[in-house]
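Predicted model only: the values in this text are computed from it and were never measured.
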Amino acid sequence: MLWFQGNSMQLARSSFGLFLRNCSASKTTLPVLTLFTKDSCPLCDEAKEVLKPYKNRFIFQEVNITLPENSVWYERYKFDIPVFHLNGQFLMMHRVNTSKLEKQLRKLEQQSTGG
């Protein structure tokens, strides 16, 4: 799992774009798991610990919803963090559901291998 904190979704998107271009030669692309978070979020810290066994199966990014440039995410998720998106699609909120995560990661892995 690659960990990076971008100051905005735009930075995250551009970083992801660079990653995809770099990986295209090997035809190996990992899904992106986005954690919508804020400072002093014990549930977010707990979630990151739960995610550690999966670290090689996705790229991890964090979006701090309290930053001005993330006000749309703040309005959407201010009472629900942590919230997780997988490849830009809502996946889960409040706590990591490992069964759901595993199922979605397997599905994406099968799609990428053509199986």
Could you please spell out the steps behind the salt bridge (Lys or Arg N to Asp or Glu O under 4.0 Å) verdict for K52 and E49?
-> CA-CA 5 Å; K52 282 186 178 180; E49 287 299 314; 3.0 Å; yes
Pair listing, salt bridge (Lys or Arg N to Asp or Glu O under 4.0 Å) test, anchored in residues 29-38, at least two apart |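 For residues 29-38: none.
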Using the salt bridge (Lys or Arg N to Asp or Glu O under 4.0 Å) rule, collect all pairs that involve residues 83-99, keeping only residues at least two apart or in two chains.
->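 Listed once each, the pairs are E46-R95.
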Neighbour count >12 (heavy atoms, 6.0 Å) for atom NZ, K78 |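 Yes, enclosed.
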How long is the span from the OG atom in S99 to the CE atom in M92, to the nearest 0.5 Å?
->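 The distance works out to 10.5 Å.
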From CD1 (I65) to CD (E75), nearest 0.5 Å =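 Interatomic distance, I65 CD1 to E75 CD, rounded to 0.5 Å: 9.5 Å.
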What do the steps show when you test E102 against R57 for salt bridge (Lys or Arg N to Asp or Glu O under 4.0 Å), and what is the final call?
-> CA-CA 10 Å; E102 181 66 39; R57 296 176 68 189; 2.8 Å; yes
side-chain contact (heavy atoms from CB on, under 4.5 Å) evaluation trace for F90 with F36 | CA-CA 11 Å; F90 174 83; F36 293 89; over 6 Å; no
Compare every heavy atom of [Y] with every heavy atom of [X], then report the nearest pair and how far apart it is.
X   : Y   : answer
V83 : D80 : CG2-O, 3.5 Å
F58 : L30 : CA-CB, 4.1 Å
A47 : V96 : CB-CG2, 3.6 Å

Side-chain donor/acceptor of N70 to backbone N/O of N64, under 3.5 Å |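 The answer is yes, because a donor-acceptor pair under 3.5 Å joins these two groups.
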Look only at the side chain of N97 and the backbone of K100, and say whether a donor-acceptor pair between them is shorter than 3.5 Å.
->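 Side chain of N97 to backbone of K100, a donor-acceptor pair under 3.5 Å: yes, one is there.
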Are E62 and T37 close enough that a side-chain donor and a side-chain acceptor fall under 3.5 Å?
->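 No.
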Counting C-beta onward and ignoring hydrogens, is there a side-chain heavy-atom pair between [X] and [Y] closer than 4.5 Å?
X   : Y   : result
Q89 : L86 : no
L51 : L33 : yes
L43 : I81 : no
F84 : T34 : no
P31 : I59 : no

Side chain to side chain contact (heavy atoms under 4.5 Å, CB included) with L35: which of H85, K48, Q61?
->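 The side chain to side chain contact (heavy atoms under 4.5 Å, CB included) with L35 is passed solely by K48 among H85, K48, Q61.
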